[in-house]
Amino acid sequence: MGIHPRHHWNVTPREAIALQKRLAGELRLDTPLDLSRLRVVAGVDVSVRAGRSRAAVVAMRFPDMEVLETVLAEAPTPFPYVPGLLTFREGPVLEEAFRRLRVAPDAFIFDGAGCAHPRGVGVASHMGLWLERPTVGCAKTRLTGWSAGPGPGRGDVAPLLAREPAPDAPHPPQIGAVLRARAGVAPLYVSPGHHIDLASAVALVTACLGRYRLPEPVRAAHRAAALRPAQTGAAGAAAP
DNA sequence: GCGACAG
DNA sequence: ATCTTGTCGC
């Protein structure tokens, strides 16, 4: 996996915001992803505990979702959680995890936002610039935007608009989708990260859904990143 | 000034 | 995200 850093991570919140505004203009959100040619999809997540962050990337074969590789990376948590600046908290350890990846996934699904972000650069979009491959944001709650909400059935989808529609204002652009991954549970907030369009992002997440709320790759990464007091090494996992 | 706010 | 006991439900 070739990684392509665009800037260093030691920045102030003010500088972080300036960087996001610059990077937003470099995203490609109009590229279709042909699922019939997708072979490997990866899930990405980070857990934090006692000032330490652990990143996990789990690559799975598509569409059968067999685990091909799991990599972990650990480091001191370098940045506080600030809504809109999550990437500057998770970015450094995620970069290290990506460097340890031997297989090259055709697409990545992140636990967090893609372009459905105040400045259009959620963690999936931001790291997409590092990966230079298709990335999708799959958040469990809303960061920004407005939606009437999807229907109650599994697979139901509703548009996520940039803001709530106003009577005498132009219709807000669509920045993502709200997806009911399971009947009777809170929906997922899906948005394209980089090198992928919205329709493909929703199709990819939907295709990776199993019997749980989160798409399988993200669920696997979430579990792999879980920071327990003492964890025994798992087969195929790189040392933190 | 007030409310909102990925993980 | 993490801190935490029990509890309701398939």
Side-chain angles (χ1 to χ4, degrees), chain A residues 9 13 16-17 19-20 23-24 27 43-58 72-95 97 108-129 135-147 149 152 154 160-164 166 172 175-179 181-194 198 201-202 205 210-215 217-231 240:
Chain A
W9 297 108
I17 289 173
L19 282 170
Q20 290 181 324
L23 296 176
L27 300 176
V44 182
D45 192 24
V46 175
S47 69
V48 179
R49 180 176 174 174
R52 298 278 299 175
S53 291
R54 174 182 286 173
V57 179
V58 179
L72 301 175
E74 212 175 297
T77 305
F79 207 85
Y81 171 66
V82 178
L85 299 182
L86 179 68
T87 304
F88 293 86
R89 179 177 168 84
E90 303 188 341
V93 72
L94 279 177
E95 184 180 317
F108 293 79
I109 302 177
F110 288 69
D111 186 327
C115 70
H117 173 282
R119 288 166 291 281
V121 196
V123 64
S125 295
H126 204 130
M127 298 319 292
L129 290 166
T135 60
V136 173
C138 181
K140 298 181 294 299
T141 61
R142 183 191 66 88
L143 170 60
T144 189
W146 179 91
S147 176
R154 182 179 192 282
L160 177 65
L161 305 179
R163 58 182 177 283
E164 184 173 353
I175 58 176
V178 186
L179 169 67
R182 280 196 68 188
V185 303
L188 259 23
Y189 293 75
V190 179
S191 60
H194 185 40
L198 175 58
V202 174
V205 172
R211 61 174 298 200
Y212 302 94
R213 182 192 183 205
L214 298 179
V218 174
R219 181 164 172 272
H222 188 82
R223 292 184 49 119
L227 217 31
R228 299 185 188 69
Q231 175 180 306

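In the text below, chain A, chain B and the rest are named by the order of the sequence lines, each starting its count at 1. Atoms considered below: every heavy atom in the structure, side chains included; atoms not considered: hydrogens, waters and symmetry mates.
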Legend entry - Flag side-chain contact, heavy atom, 4.5 Å: A:R52 against A:P76: yes

Inset, instruction - Name all stems that contain residues of DNA chain B, defined as runs of 3 or more consecutive Watson-Crick or G-U wobble pairs, both distances under 3.5 Å. - result: none

Inset, instruction - Tell me which residues in residues 120-127 of chain A put a heavy atom below 4.0 Å from DNA chain B, sorted by number, or none. - result: A:G122, A:V123

Legend entry - For DNA chain B, the residues among residues 86-94 of chain A that have a non-hydrogen atom under 4.0 Å from it: A:L86, A:R89, A:E90

Legend entry - Residue among A:L27, A:V202, A:L198, A:T135 satisfying side chain to side chain contact (heavy atoms under 4.5 Å, CB included) with A:P192: A:L198

Inset, instruction - Output yes when at least one side-chain N/O atom of A:K140 is less than 4.0 Å from OP1 or OP2 of B:dG7, else no. - result: yes

Any protein N or O atoms within reach of nucleotides 3-5 of chain B? Criterion: under 3.5 Å, listing atom names and distances.
{"from": "B:dA4", "atom 1": "O3'", "to": "A:R142", "atom 2": "NH2", "distance (Å)": "3.1"}
{"from": "B:dC5", "atom 1": "OP1", "to": "A:R142", "atom 2": "NH2", "distance (Å)": "2.1"}

Inset, instruction - Just call it for A:A139: base, sugar-phosphate, or nothing, with non-hydrogen atoms closer than 4.0 Å on any strand. - result: sugar-phosphate

Inset, instruction - Remember a base hit wins even if backbone is also touched, and classify A:G84 as base, sugar-phosphate or nothing at under 4.0 Å, heavy atoms. - result: base

Inset, instruction - Anything below 3.5 Å on both distances counts as a pair; with that, list the stems of at least three consecutive Watson-Crick or G-U pairs involving DNA chain C. - result: none

Inset, instruction - If the plane angle is over 60° it's perpendicular, under 30° parallel, otherwise tilted; pick one for A:H126 and A:F88. - result: perpendicular

Inset, instruction - Would you confirm whether A:R213, through its side chain, and A:P187, through its main-chain N or O, come within 3.5 Å as a donor-acceptor pair? - result: yes

Inset, instruction - Check for a donor-acceptor pair, side chain of A:H194 on one end and backbone N or O of A:A124 on the other, with a separation under 3.5 Å. - result: no

Legend entry - Protein-to-nucleotide contact annotation, 5' to 3' order, nucleotides 3-10 of chain C [B base; S sugar-phosphate only; - none; under 4.0 Å, heavy atom]: S-------

